[in-house]
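Heads up: the structure comes next, in structure tokens.
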Protein chains: 2
Amino acid sequence: MADPTPGGESLLFLTDENLRKGIEAMFFAYRGFTADPDRILETMDYGRAHHRAVHFIHRSPGTTVGNLLTILGVTKQSLNRVLRTLFDDGLVEARVGKQDKRERHLHLTEKGRALERALSDAQRARMRAAYRAAGPNAVQGFRTVLEAMMDPEQRRQYQGLKEGSA
Amino acid sequence: MADPTPGGESLLFLTDENLRKGIEAMFFAYRGFTADPDRILETMDYGRAHHRAVHFIHRSPGTTVGNLLTILGVTKQSLNRVLRTLFDDGLVEARVGKQDKRERHLHLTEKGRALERALSDAQRARMRAAYRAAGPNAVQGFRTVLEAMMDPEQRRQYQGLKEGSA
DNA sequence: TTGGAATGTCAACAACACTGACATAAATTC
DNA sequence: GAATTTATGTCAGTGTTGTTGACATTCCAA
């Protein structure tokens, strides 16, 4: 019998069945991933879109609307609807750019930081439990596969944060 | 200095910064995960909900509407809207149960199988590329962490398929 | 000064989720 | 056999989040 693994390593992990399991794992895990913040959000008048906006504004304080549009991958109309409620409710404030006065630099207010903390505490708790249960090696693999699954554009945004982007 | 890792292992992988990276990895990777099927779906009149229904009917031929409701975690009204279009377009057929005539057992037609194949080929291609790039060890870790991230109920459904469920 | 970039806003629409209420048929239980 | 429960379908209304398209404002830059 010819060796089916020219590189010397087993390629059994690439069977369609294994890929299907990976696909379903993503589906079910993503549900768990969003479940806890969702529960908090639904007690307010907010949804996932608000969570995402708050998260990325927290991560990159002073980011512009345009940056946020690129990261979130939605239309400005869609983002604007969300941002307006966050302004109105006093969670986010927009400061006119000093150099370029067309830009609006987004910042969380104290109230906004409180919501961000509540949401990310909930989400991190589950992530931490999963990490702890799986161990550091598994976590390393987890991150490696997810990164390989991103579009190049998304991967750039994911990695670009290491050296600060705002 | 006291040893911060009583078990002897480093717990540095549990820092908030690492957890945040994991959270964003999930966010960006899920976008990539759904991007390819989404492109196919939008050329038709279908969306992600149709994809999910077709996927799970393919995986568990003869599954009932109730089973599907549990797996997908949506309301019957929501699922019904999707199933109706799949019936009307001749992608899925419902057979009245032999033992329990209230049940509708769902099956893909040839046309339905064709769509399923197109969608899962696209999704598997990306998953395969990611798996190959990351290697078997990373894939193992990927699956372990995702599994730990699921709700217990979801985990049961994810695992229950090993021994066939339809 | 003109063109384009960054942003905001109005209107309409679609996908996909939800709740609540009601209907039907069949199984189950008393 | 009657009453109840289960499985499914359907009608109506609502909400979140996305989309296009069009238009206005402000301001940087050539």
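In what follows, chains carry the letters A, B, and so on, assigned in the order in which the sequence lines appear, proteins first and then strands, with residues in each chain numbered from 1.
Following rounding to the nearest Å, A:Leu79 (CG) and C:dT9 (P) show an atom-to-atom distance of 12 Å. The distance between atom CZ of B:Arg95 and atom P of D:dT8, rounded to the nearest whole Å, is 16 Å. Rounded to whole Å, atom C1' of D:dG9 lies 8 Å from atom CZ of B:Arg84. Summarising the geometry, the separation between CG on A:Leu83 and P on D:dT17 is reported as 12 Å, rounded to the nearest angstrom. Rounded to an integer number of Å, the gap from CD of A:Glu103 to P of C:dG8 is 11 Å. For A:Leu86 and C:dG8, the CG to P distance is 13 Å, given to the nearest whole Å. The nearest whole Å value for the distance from the CD atom in B:Glu42 to the P atom in D:dG18 is 15 Å. The distance from atom CG of A:Leu41 to atom P of D:dG15 is 18 Å, rounded to the nearest whole Å.
OP1 or OP2 of D:dT16 has not a single side-chain nitrogen or oxygen of A:Arg52 nearer than 4.0 Å. Side-chain N/O atoms of A:His50 include none lying less than 4.0 angstrom from OP1 or OP2 on D:dT16.
Counting any heavy atom pair closer than 4.0 Å across all strands shown, A:His105 reaches no nucleic acid atom.
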Problem - Base-contact (B) and sugar-phosphate-only (S) positions in nucleotides 18-30 of chain C, heavy-atom cut-off under 4.0 Å, - elsewhere - result: BBBB----BS---

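In this structure, B:Arg126 pairs ionically with A:Asp151, as a charged nitrogen and a carboxylate oxygen lie closer than 4.0 Å. Between B:Arg128 and A:Asp16 there is a salt bridge, since a side-chain N of the basic residue sits under 4.0 Å from a carboxylate O of the acidic one.
Cluster membership for A:Met44 and A:Phe87, using ILVMFWY side-chain heavy atoms within less than 4.5 angstrom, is shared.
The 12-atom threshold is exceeded at CG of A:Asp88, counting heavy atoms of other residues, nucleotides or ligands nearer than 6.0 Å.
Under the 6.0 Å cut-off for aromatic ring centres, B:Phe27 and A:Tyr30 do not qualify, their centroids lying 6.0 Å or more apart.
Comparing B:Asn80 and A:Val96 against DNA chain D, the residue whose closest nucleotide sits nearer the 5' end is B:Asn80.
Residues B:Gly135 and A:Phe13 approach most closely at C-CE1, 3.8 Å, considering heavy atoms.
Across C:dA17, C:dG8, D:dT16, the shortest atom-to-atom separation from the side chain of A:Asp45 is found for D:dT16.
Relative orientation of the B:His51 and B:His55 rings is perpendicular, given thresholds of 30° and 60° on the angle between their planes.
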